[in-house]
Every structure is written in structure tokens, then in C-alpha cells.
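Inspection log for the structure reproduced underneath, given as C-alpha cells.
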Protein chains: 2
Amino acid sequence: MTQKQEQLSKNQQIVLSIIEKAKGPLKAYSILYNVQKKGIKAPLQVYRALEKLIEIGKIHKIESKNAFIVCKNSDCEISKATAFSICEKCEVVDEVSNVKLSNYLSKFNDKKGMKFKRFNLEFFGLCKRCKIK
Amino acid sequence: MTQKQEQLSKNQQIVLSIIEKAKGPLKAYSILYNVQKKGIKAPLQVYRALEKLIEIGKIHKIESKNAFIVCKNSDCEISKATAFSICEKCEVVDEVSNVKLSNYLSKFNDKKGMKFKRFNLEFFGLCKRCKIK
DNA sequence: CTTAATTTGTTATAATATAACGTTTGTTAT
DNA sequence: ATAACAAACGTTATATTATAACAAATTAAG
């Protein structure tokens, strides 16, 4: 049983645990307010933790919302191939885990000879609940 | 010959023309500096023009860069289905115009019964020139 | 014309993110 | 264990991106 598990630092753990507990994406400053009782005082401390957590695939950034969400794909080996669904009404965000989609996009090649290493896809629409209402 | 062409206001024209002339995506404040000689003085004037131009499909926002680029797809009837390639080294951005890709993603359906109206896809990698270097 | 809608101009401020610096902690190789 | 290095931390200041609020001017439609 190899020690493959990344060892998170204190601030990284604190920030991650807040994001894990959240029901949806959190904004950086909302995270900051939530962790001030735990000794994290400055934006930079949050942003540094976020950067690292993204790097190791524990969380993702929802670019269209400047918000951060925990990765649902078993610590996201595929953090270089992310897709999300975003409800335009209730703002609920879900990670789309679809192997076909992921394969299709990972293999996609540009006309201009560019080879892609990574992609991020954001779908927008109405979620099931909001469609009914 | 129907008057389908949207009539742009003065500020919208000014902002659009700057973005059209640019070789790549422009940031809002860079646009602002560029148009100050033309009488646009405040960020809001730029942001309002940008908002409208996006709405009518003349430009797109590159979310990962907070920058704005002119639409290359004949005034983008498909502005609800956008895809871009972004070079991580030289930062060059291109709009990916691929009918198959666009169809595939437009038809994509979530497991959770969400019907998508719109998507934005950003590919990252090295462009042809940067691969060689 | 006149009413409604859109666009404008302006000031202020909110929200998001990074620079720069020195210190502390953790890891690795001897 | 300790030297050398890398990573993480704390702190202050500041840069960058974006919106609120309000009144005036312009444009479109009946």
C-alpha cells in the first residue's frame, strides 16, 4: 500500500474541508470568512491553498462563477478533463462524469495542429427541479 | 433584404471595433485605456458595451482569462455553443469551429435530466509554433 | 407627440486576485 | 543529526475585475 496520498498542509486541509462540506461551489472570500475562526486571516492564504488543491485535483474552479467545488471523481485523476452542468436559475452546479464525453474531448484535435492537454467544459441550462417550476 | 443587422450604439461600436482590431482577447481595462481618447471614461461604459456585444453574439468572453474576443463564426448564430483553444505558452486564443463537436455537445444530455441550452468549452495545450520551440 | 425602453455619464465601491517580503516548517541526502 | 533545499506560512499592501445607484440624454414605437 503505497503512500500515494498527497499530504496536505494545515491551511490546505482547512480550506478543503470547508469546500467538501459545502453543497455547492464556494467563492474565495466566502471561504475566507468561514475559516477566520481557524486562524486563516488573509486572502492570500486561501488563494494559495486553492491553487494547490486545484493542482492536485482535489477541487476545481468553476470559471464562469469564480467559485470552487470539490472534485467528485475519486480525487480526479481526470482533473485535466473537467465538465460541469450549471443551472442558470438555482445556480446548482454538478460535475459531469461521462466517460464517452471525456474520451471524445480528450481525443479531439484541432484543425490547426494544436494538441490539447486539458479542457474545461461548462454546460448551462435548467436543472430538473427548475424546469418543472 | 431584411434589416436583421443589430444596430449598435456609439459605445458598443467603439468597443467592438477595438476588439475586432485586436489580434487576441482583450481585457476590459485594456479596452478602457484604448478607448479613452474616444470619450469613454469609465469601466461601466465598457462593461455595458461588452455585455450587449456578448448578448448579440458579436464577441465572446474567455472565462479562464477574463478577456473578450471577437466572434469568428459569421456573427455567431451559435454563440450559445462556444469552444476555444488556448495556448498555455504564448496565450494565443482561437475559436474552434467544428460542426461535429458543436452538434455532439449541443445534443449531449445529462444523466440527471438537465437539458442544456448553452455551453462553453476551453481547450488548453501548446499551439503548433510553441510545440516546435 | 409622448410614452417606454435603452443607452449614457458619473461617482463610488464591491469583489476577485496577486506582489513582495521575510519567516517557519518539512524533506532529502549525506 | 544536520546542512541544504523546497514548500508553506504570515503579513501588508496593492492590483485587477466588476457592479451599484442615480440622473440625464437618446432612441424606438404607438
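Computed from a predicted structure; not experimentally measured. All chains are named by letter (A, B, ...) in the order of the sequence lines, taking the proteins before the strands, and each is independently numbered beginning at 1.
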If a pair satisfies ring-ring contact (aromatic ring centres under 6.0 Å, His included) and one of its residues is in residues 29-58 of chain B, list it, with sequence neighbours excluded. none
Residues at least two apart in sequence or cross-chain that pass salt bridge (Lys or Arg N to Asp or Glu O under 4.0 Å) with A/Glu91, listed by chain then number, are A/Lys65
Just checking, any donor-acceptor pair under 3.5 angstrom between side chains of A/Asn120 and A/Glu63? no
More than 12 heavy atoms from other groups under 6.0 Å of CD on A/Glu51: no
Taking DNA chain C as the partner, which of residues 16-45 of chain A come within under 4.0 angstrom of it by heavy atom? A/Lys27, A/Tyr29, A/Leu44
Under the ring-ring contact (aromatic ring centres under 6.0 Å, His included) definition, can you give me all pairs with a residue in residues 90-114 of chain A, not counting sequence neighbours? A/Tyr104-B/Tyr104, A/Phe108-B/Phe123
Quick one: hydrophobic cluster around A/Phe124, which other residues, with the 4.5 Å side-chain cut-off, linked directly or via members? A/Ile62, A/Ile69, A/Phe84, A/Ile86, A/Val93
With sequence neighbours left out, the residues meeting side chain to side chain donor-acceptor pair (under 3.5 Å) with A/Asp94 are B/Lys112
Residue pair B/Lys10/A/Asn66 against DNA chain C: nearer the 5' end by closest nucleotide is B/Lys10
Can you name the residues that form a salt bridge (Lys or Arg N to Asp or Glu O under 4.0 Å) with B/Lys117, not counting sequence neighbours? A/Glu88
DNA chain D: 5'-most and 3'-most nucleotides touching chain A, 4.0 angstrom heavy-atom criterion: D/dA8 to D/dT12
Going through the distances and angles, do A/Glu95 and A/Asn73 end up as a side chain to side chain contact (heavy atoms under 4.5 Å, CB included)? CA-CA 8 Å; A/Glu95 191 162 352; A/Asn73 291 320; 2.9 Å; yes
What contact category does A/Lys65 fall into here, base, sugar-phosphate, or nothing, at under 4.0 angstrom with non-hydrogen atoms? nothing
Test: salt bridge (charged side-chain N to carboxylate O under 4.0 Å, His left out). Region: residues 11-26 of chain B. Which pairs qualify, not counting sequence neighbours? none
Under 3.5 Å for both distances, Watson-Crick or G-U wobble, that's the pair rule; now give the dot-bracket for DNA chain C, with | marking pairs to another strand and [ ] for crossing ones. ||||||||||||||||||||||||||||||
Is there a side chain to side chain contact (heavy atoms under 4.5 Å, CB included) between B/Leu8 and B/Ile56? Walk through the geometry before answering. CA-CA 10 Å; B/Leu8 297 180; B/Ile56 64 179; 3.4 Å; yes
Can you list everything that forms a salt bridge (Lys or Arg N to Asp or Glu O under 4.0 Å) with A/Lys115? Sequence neighbours excluded, please. none
First and last nt of DNA chain C near chain A, cut-off under 4.0 Å to heavy atoms, 5' to 3', are C/dT16 to C/dA20
Donor-acceptor check, side chain of B/Glu122 to backbone of B/Ser64, threshold 3.5 angstrom: yes or no? yes
